[in-house]
Asker: 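First the structure, which I've put down as structure tokens, then a few questions once you've had a look.
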Amino acid sequence: MVGSLPVPVDLIGLLPKPWHEFVDLNLLAQISKNLTNSFIPEQQSIFRALQIPPNQVKVVIVGQDPYPNPKYAMGLAFSIPAGVAPLPKSLKNIFTELNNDLGIYRSDGDLSDWASQGVLLLNRSLTVESGKSDSHSNLGWQDFTEKIIQAAANNGAVAILWGNEAQKVSNLFADADVFNSAHPSPLSAYRGFFDSKPFSKVNNRLQEKGLTPIKW
């Protein structure tokens, strides 16, 4: 704070430099002006998903917005900090499908190891008000993140799109590179998410493209 006036968050300064050429920095400056002081995740985690250089993104998993629970939100879609329990219900269902698909059992909700292998865990909105899901969807984040998704698609990335909101960007990818299903939330997981086998399908596609599969 300077006097009684809040200092805008410097989103341009926080955005990793390799992504600057792919996004609308004027839009990001506008989002900065409209971002209130009360949001999650913390400033340094807003662009955590974009620590991956653009040319290293192999898979894009699209979420809606950060978990509205401060103890969960950490800048990677669907991920939570290491050691935090219980798992969010959607993430628990993701792990159930992972186990059914590939026989891999995960209990910790930190997906940083996926990100380190080139999995872009990107929410369409990168901030949210604590306790209020979808509260920052009117700030322009979707237009900003669409440019990021477009850049990854243009570079040949494979997409996992869970639910109707994520599937709005399916047209950005080649048909053979998109794996759609219902969302893993408890409301829809039994409507096509379970038994969709996204992890094995993506790895098969990566191998077809001559790329190393992900260690999920």
Asker: Report yes or no: does Asp65 contribute a side-chain atom to a donor-acceptor pair with the main-chain N or O of Ser125 at less than 3.5 Å?
Answerer: no

Asker: Test side chain to side chain contact (heavy atoms under 4.5 Å, CB included) on Leu126 and Phe144; report intermediate values, then the result.
Answerer: CA-CA 10 Å; Leu126 298 184; Phe144 174 80; 4.1 Å; yes

Asker: Would you say that Ser112 contacts Met74 through its side chain, given a criterion of any heavy-atom pair below 4.5 Å between the two side chains?
Answerer: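 Sidechains of Met74 and Ser112: in contact.
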
Asker: If Ile, Leu, Val, Met, Phe, Trp and Tyr residues are connected whenever their side-chain heavy atoms lie under 4.5 Å apart, and connections chain through other members, are Tyr67 and Leu139 in the same group?
Answerer: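 Each belongs to a different hydrophobic cluster.
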
Asker: How far apart are the closest heavy atoms of Gly75 and Pro41, and which atoms are they?
Answerer: N-CG, 4.1 Å

Asker: Heavy-atom distance under 4.5 Å between the side chains of Gln167 and Asn164, does that happen here?
Answerer: yes

Asker: Does one hydrophobic cluster hold both Ile104 and Val202, with members joined at side-chain heavy-atom distances below 4.5 Å?
Answerer: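 Looking at the clustering, Val202 is in the same group as Ile104.
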
Asker: Given side chains that start at C-beta, do those of Asn99 and Thr96 come closer than 4.5 Å, heavy atoms only?
Answerer: no

Asker: Could you check Leu91, Asp108, Asn69 and say which one makes a side-chain contact (heavy atoms from CB on, under 4.5 Å) with Ile80?
Answerer: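 Testing each of Leu91, Asp108, Asn69 against Ile80, the sole residue satisfying side-chain contact (heavy atoms from CB on, under 4.5 Å) is Leu91.
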
Asker: Near Asn171 CG, under 6.0 Å, is it more than 12 heavy atoms from other residues, nucleotides or ligands?
Answerer: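 Buried by this count: over 12 neighbours within 6.0 Å.
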
Asker: How far does OG of Ser185 sit from OH of Tyr190, to the nearest 0.5 angstrom?
Answerer: 11.5 Å

Asker: Which value, rounded to the nearest 0.5 Å, describes the distance between Phe95 atom CZ and Glu97 atom CD?
Answerer: 13.0 Å

Asker: Is the shortest distance from a Lys or Arg side-chain nitrogen in Asp195 or Lys197 to a carboxylate oxygen in the other one below 4.0 Å?
Answerer: yes

Asker: With distance as the sole test, does Ser79 use its side chain to make a donor-acceptor pair with the main-chain N or O of Leu76 at under 3.5 Å?
Answerer: no

Asker: Is Lys215 atom NZ crowded by more than 12 heavy atoms from other residues, nucleotides or ligands, each under 6.0 Å away?
Answerer: no

Asker: Around atom CG of Asn34, are there more than 12 heavy atoms of other residues, nucleotides or ligands at under 6.0 Å?
Answerer: yes

Asker: Output all residues satisfying ring-ring contact (aromatic ring centres under 6.0 Å, His included) with His136, sequence neighbours left out; order by chain, then residue number.
Answerer: none

Asker: Does Asn26 offer a backbone N or O that forms a donor-acceptor pair with the side chain of Gln30 under 3.5 Å?
Answerer: no

Asker: Taking the side chain as every heavy atom from C-beta outward, state whether Ser181 and Phe179 have any pair of such atoms under 4.5 Å apart.
Answerer: no

Asker: Listed by chain and number, what are the side chain to side chain contact (heavy atoms under 4.5 Å, CB included) partners of Glu208, not counting sequence neighbours?
Answerer: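 By the side chain to side chain contact (heavy atoms under 4.5 Å, CB included) rule, Glu208 matches Arg205.
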
Asker: Let me confirm one number: the OG-CG distance from Ser170 to Asp177, rounded to the nearest 0.5 Å.
Answerer: 12.0 Å

Asker: Which heavy atom of Lys147 sits nearest to which heavy atom of Val23, and what is that distance?
Answerer: CB-CA, 4.2 Å

Asker: Tell me, with the steps shown, if Thr127 and Val9 meet side chain to side chain contact (heavy atoms under 4.5 Å, CB included).
Answerer: CA-CA 12 Å; Thr127 58; Val9 179; over 6 Å; no

Asker: Which heavy atom in Ser90 sits nearest to a heavy atom in Pro186, and how many Å separate them?
Answerer: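 For Ser90 and Pro186, the tightest heavy-atom pair comes out as OG-CD, 4.3 Å.
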
Asker: Just checking Lys71: does its NZ atom have more than 12 heavy atoms from other residues, nucleotides or ligands closer to it than 6.0 angstrom?
Answerer: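 Buried by this count: over 12 neighbours within 6.0 Å.
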
Asker: Give a yes or no on whether Leu206 and Ile149 share a hydrophobic cluster (residues Ile, Leu, Val, Met, Phe, Trp, Tyr; joining criterion: side-chain heavy atoms under 4.5 Å apart).
Answerer: no

Asker: In terms of the angle between their ring planes, are Trp114 and Trp216 parallel, tilted or perpendicular, with boundaries placed at 30° and 60°?
Answerer: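 It falls in the perpendicular class, over 60°.
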
Asker: Hey, any chance Phe22 and Leu14 share a hydrophobic cluster, counting ILVMFWY side chains that come within less than 4.5 Å of each other, even indirectly?
Answerer: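 Linked, Phe22 and Leu14 end up in one cluster.
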
Asker: Assigning hydrophobic clusters by single linkage (Ile, Leu, Val, Met, Phe, Trp, Tyr; side-chain heavy-atom cutoff under 4.5 Å), is Ile46 placed with Leu121?
Answerer: no

Asker: For the backbone of Phe199 and the side chain of Asp101, can you confirm whether one donor and one acceptor N or O come within less than 3.5 Å of each other?
Answerer: yes

Asker: Is there side-chain contact between Leu120 and Leu50, with at least one heavy-atom pair below 4.5 Å?
Answerer: yes

Asker: Which heavy atom of Ser200 sits nearest a heavy atom of Leu102, and at what distance?
Answerer: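 Result for this residue pair: CB-CD2, 3.7 Å.
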
Asker: Checking Asn154 against Gln150: is there a side-chain donor and acceptor pair closer than 3.5 Å?
Answerer: yes

Asker: Find out whether Asp113 and Arg106 are in side-chain contact, i.e. whether some heavy atom of one side chain is under 4.5 Å from a heavy atom of the other.
Answerer: yes

Asker: Using every non-hydrogen atom in the two residues, find where Leu11 and Trp141 come nearest and quote the distance to one decimal.
Answerer: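 Result for this residue pair: CD1-CH2, 3.8 Å.
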
Asker: Between Ser133 and Pro68, which heavy-atom pair has the shortest distance, and what is it?
Answerer: N-CB, 4.0 Å

Asker: Could you walk me through whether Val158 and Lys58 pass the side chain to side chain contact (heavy atoms under 4.5 Å, CB included) check?
Answerer: CA-CA 6 Å; Val158 175; Lys58 297 197 293 188; over 6 Å; no

Asker: Side chains of Glu146 and Leu172, heavy atoms from C-beta outward: is any pair under 4.5 Å?
Answerer: yes

Asker: Would you say that Tyr72 contacts Val84 through its side chain, given a criterion of any heavy-atom pair below 4.5 Å between the two side chains?
Answerer: yes

Asker: Please step through side chain to side chain contact (heavy atoms under 4.5 Å, CB included) for the pair Leu15 and Leu25, ending with a clear verdict.
Answerer: CA-CA 10 Å; Leu15 178 68; Leu25 294 177; 4.1 Å; yes

Asker: Can you tell me how far CG of Asn180 sits from OG of Ser196, rounded to the nearest 0.5 angstrom?
Answerer: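 Spacing of OG (Ser196) from CG (Asn180) equals 10.0 Å.
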
Asker: Could you grab the distance from atom CG of Asn155 to atom CD of Gln56, nearest 0.5 Å is fine?
Answerer: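 Atom-to-atom, Asn155:CG and Gln56:CD are 10.0 Å apart.
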
Asker: Which distance, rounded to the nearest 0.5 Å, do you find between the OG of Ser38 and the CD of Glu129?
Answerer: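 Here the interatomic distance stands at 5.0 Å.
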
Asker: Where does the angle between the aromatic ring planes of His183 and Phe78 fall among parallel (under 30°), tilted (30 to 60°) and perpendicular (over 60°)?
Answerer: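 Because their plane-to-plane angle lies in the 30° to 60° range, the rings of His183 and Phe78 count as tilted.
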
